[in-house]
Amino acid sequence: MNIKAASRSDELDLFSEEVRRGLRDQPKRLPCKYFYDEHGSQLFDQICLLDEYYLTRCELEIMQQYAGEMAAQIGERVMLVEYGSGSSVKTRILLDHLEQPVAYAPVDISEEHLEKTARKLALAYPQIDILPVCADFTKPLTLPDPPRPVSHKALYFPGSTIGNFEPDAARRLLAEMARLVGPGGGLLIGFDLKKSPEVIEAAYNDAEKVTEAFNLNLLERINRELDSDFQVDQFRHRAVYNEQRGRVEIALVSEQQQQATIDGETFSFAAEEPICTEYSHKYSIEQFSELAASVGFIRHRHWTDRRGYFAVAHLVVE
């Protein structure tokens, strides 16, 4: 199985550059896409099973109830592309309902995780060409050509990952998606809905502290792969919902005044200084539809779970 990937040296150079650039900012930040090394991906799979983390259960409920309707919207003989494929649990539900799908191209930044998932899917779906792509989907990418003709492309973007992007960045990503699938192409996308702040905050502050380990693993990865010297035990996880901005703000907070060095560059942290690691924006159906329409996507259908916590929408480029 051929996985398109940049060289390890190039990946590390980019990792170092983006980490150092983020730590020069005020306030400091780290790119959330680097959460997903192999261990980070495993921790996120654990997060999805937590009692407090309603997002995965709600999206699975929607997929299990409405996958047939979604497949009918997407159409037959499609090439399905998935950004941030992870373990592809929800994808299997969709693949099981699609009419004669020709190819599936999972796109993920974690090469080890992607390879394992792609091999399992190739065994489970021998009639579908599995075409994994190891890439950063926040940048323009080129898809592999499927060996058999397809009627159109459809992109699947589950898990509310779009919420990790600030509005302008989300708009740019949606515009790139529209370019990738082209006229007549579709997008099936999950996004988290606005609701009680208590419900939202609990999802990012679980009692078992798996989310905390997931957040701190980013510093451990920087230490391991960039030969840095963060004192990981001197940072703590923080996640709060900013209702005015409609987003969860996730950070690693320095417990004391300290320094860390990355590729010869030293960074200083004040006591209680946060490093922003992730945002998770929450939308109303109307807000998200307006955002997508601004780059040429028309909302054809949307589905929600029974409590109205989460939504999946089918959008088409016309």
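Note that the numbering runs from 1 along the sequence shown for the chain.
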Check ion pair [X]-[Y] (N to O, under 4.0 angstrom):
{"X": "D25", "Y": "K28", "result": "no"}
{"X": "E278", "Y": "R238", "result": "no"}
{"X": "R224", "Y": "E220", "result": "no"}
{"X": "E38", "Y": "K116", "result": "yes"}

>> Quick test of your reading: applying salt bridge (Lys or Arg N to Asp or Glu O under 4.0 Å), list the pairs with at least one residue in residues 244-263, sequence neighbours left out, ordered by first then second residue.
In response: E166-R247, R236-E255, R247-E249

State yes or no: are the ring centers of [X] and [Y] separated by less than 6.0 Å?
{"X": "Y125", "Y": "Y104", "value": "no"}
{"X": "Y34", "Y": "F15", "value": "yes"}
{"X": "F157", "Y": "F137", "value": "yes"}

>> In the structure I gave you, are the side-chain heavy atoms of Y83 and L141 within less than 4.5 Å of one another anywhere?
In response: yes

>> I'd like to check the ring pair (Phe, Tyr, Trp, His ring centres under 6.0 Å) partners of F269; sequence neighbours left out, ordered by chain and number.
In response: F230, F235

> Would L315 and I298 count as a side-chain contact (heavy atoms from CB on, under 4.5 Å) if you check the C-alpha gap in whole Å, the side-chain angles of each, and the deciding distance to 0.1 Å?
Replying inline: CA-CA 5 Å; L315 315 169; I298 306 300; over 6 Å; no

> Quick one: does T266's side chain have a donor or acceptor within less than 3.5 Å of a partner on T261's backbone?
Replying inline: no

Could you tell me which residues satisfy side-chain hydrogen bond (donor to acceptor under 3.5 Å, both in side chains) with [X], sequence neighbours excluded, listed by chain and number?
{"X": "D206", "result": "T211"}
{"X": "R299", "result": "S289, H302"}
{"X": "Y156", "result": "none"}

> Between H152 and V78, is a side-chain contact (heavy atoms from CB on, under 4.5 Å) present by the stated rule, with each step listed?
Replying inline: CA-CA 5 Å; H152 63 291; V78 69; 3.6 Å; yes

>> Under a 3.5 Å threshold, yes or no: a donor from one side chain and an acceptor from the other, between H300 and E318?
In response: yes

>> With side chain to side chain donor-acceptor pair (under 3.5 Å) as the criterion, how do Q258 and S254 come out once you've worked through the C-alpha distance, each side chain's angles and the decisive distance to 0.1 Å?
In response: CA-CA 8 Å; Q258 57 185 308; S254 176; 2.8 Å; yes

>> According to side-chain hydrogen bond (donor to acceptor under 3.5 Å, both in side chains), does anything in residues 51-62 pair up with another residue at least two apart or in another chain? List the pairs.
In response: Y54-D192, Y54-K195, E59-K90, E61-R306

> Passes side chain to side chain donor-acceptor pair (under 3.5 Å), S280 versus Y204? Steps please.
Replying inline: CA-CA 10 Å; S280 183; Y204 300 87; 2.9 Å; yes

>> Is there a side-chain contact (heavy atoms from CB on, under 4.5 Å) between L219 and L30? Walk through the geometry before answering.
In response: CA-CA 9 Å; L219 296 184; L30 289 169; 4.0 Å; yes

